[in-house]
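Note that these values count all heavy atoms, side chains included, but never hydrogens, waters or copies made by symmetry.
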Amino acid sequence: MLHESFKRLFWRTFDHIDQAAAWFHVRPITVKRWLSGEIDVNPMAEKLLIIRARGYLPDDTRWQGFRIDEEYCVIVTPEGRRFSPKELESWALRFDEFHALKRMYELDYVPVRSNVVTPLPFRGGRRLKEPRSDTVTKDKKKAYRKAQAKRASK
């Protein structure tokens, strides 16, 4: 990273030299020397600055636009929505409750995924031309169970 780009990113990320010194675990005089160009910036400090500026998220296209707000301890989406860690943690419980209710009341509505936001990078270009299955009705499921019961009783 060039010295000027480091300085520009540094002042966009930090408000005070003392705040940056605490973040990098160095003395404030070291940060001043980095900014003045007196000594070369530690490569690890450059990486940490980039990570902090990006909001701690990995350099992957699926995380583009997301960031972490340290002050409020939330994940911020590209649209500006904020999610707290407790809210994200509760989604797994809600998901399990939802599927337990579906099993209990035999609700077999399976929505077709039509809006996949970002394709996964490891798919290798293999894409489905059309969905493999559609919504399963209760009648279809009952007929399938009857056919399975007949096969099992033979």
(request) Apply ring pair (Phe, Tyr, Trp, His ring centres under 6.0 Å) to Phe24 and list each qualifying residue two or more places apart in sequence or on a separate chain. (result) Phe14, Trp34
(message) Counting C-beta onward and ignoring hydrogens, is there a side-chain heavy-atom pair between Phe66 and Val76 closer than 4.5 Å?
(response) no
(request) Working to the nearest 0.5 Å, report the span between CD1 of Ile29 and OG of Ser36. (result) 8.5 Å
(message) Do Phe10 and Val31 make a side-chain contact, defined as non-hydrogen atoms from C-beta onward lying under 4.5 Å apart?
(response) yes
(request) Rounded to the nearest 0.5 Å, what's the gap from NZ on Lys86 to CD on Glu89? Could you check? (result) 5.0 Å
(message) One pair to check against side-chain contact (heavy atoms from CB on, under 4.5 Å): His99 and Phe95. What are the steps and the verdict?
(response) CA-CA 6 Å; His99 285 288; Phe95 183 80; 3.0 Å; yes
(message) What verdict does the side-chain contact (heavy atoms from CB on, under 4.5 Å) test give for Phe83 and Val74, after you've listed the backbone C-alpha separation in whole Å, the side-chain angles of each residue and the deciding distance to 0.1 Å?
(response) CA-CA 5 Å; Phe83 297 103; Val74 293; over 6 Å; no
(message) Quick check: closest heavy atoms across Asp15 and Trp11, and the distance to 0.1 Å?
(response) O-CZ3, 3.8 Å
(request) Using a strict cut-off of less than 4.0 Å between a Lys/Arg side-chain nitrogen and an Asp/Glu carboxylate oxygen, indicate whether Glu38 and Lys32 qualify as a salt bridge. (result) no
(request) Return the set of residues passing ring pair (Phe, Tyr, Trp, His ring centres under 6.0 Å) with Phe98 (not counting sequence neighbours), or none when no residue passes. (result) none
(request) Quick one: pull up CG in Leu48 and CE in Met44 and give me the separation to the nearest 0.5 Å. (result) 4.5 Å
(request) List the atom of Pro28, the atom of Ile17, and the distance in Å for their closest heavy-atom pair. (result) O-CG2, 3.7 Å
(message) Looking at every non-hydrogen atom in both residues, tell me the closest pair between Pro85 and Cys73 and how far apart they are.
(response) CD-O, 3.3 Å
(request) To the nearest 0.5 Å, tell me how far Ile68 CD1 sits from Glu70 CD. (result) 8.5 Å
(request) Identify, with sequence neighbours excluded, every residue that meets salt bridge (charged side-chain N to carboxylate O under 4.0 Å, His left out) alongside Glu4. (result) Lys7
(request) Report whether Trp91 and Trp63 are members of the same hydrophobic cluster (ILVMFWY, side-chain heavy atoms less than 4.5 Å apart, transitive linking). (result) yes
(message) With a sphere of 6.0 Å drawn around CD of Gln19, does it hold more than 12 non-hydrogen atoms of other residues, nucleotides or ligands?
(response) yes
(message) Can you give me the closest heavy-atom contact between His3 and Gly37, atom names plus distance?
(response) CE1-N, 3.3 Å
(message) Can you confirm whether Asp40 is buried at CG, in the sense that more than 12 heavy atoms of other residues, nucleotides or ligands lie under 6.0 Å from that atom?
(response) no
(request) Could you check Arg82 against Glu87 for salt bridge (Lys or Arg N to Asp or Glu O under 4.0 Å), going step by step and ending with a plain yes or no? (result) CA-CA 10 Å; Arg82 296 170 174 260; Glu87 187 176 4; over 6 Å; no
(request) Rounded to the nearest 0.5 Å, what's the gap from CG on Leu101 to CG on Asp96? Could you check? (result) 11.0 Å
(message) Would the distance check show the side chain of Thr13 and the main-chain N or O of Leu9 forming a donor-acceptor pair, the cut-off being under 3.5 Å?
(response) yes
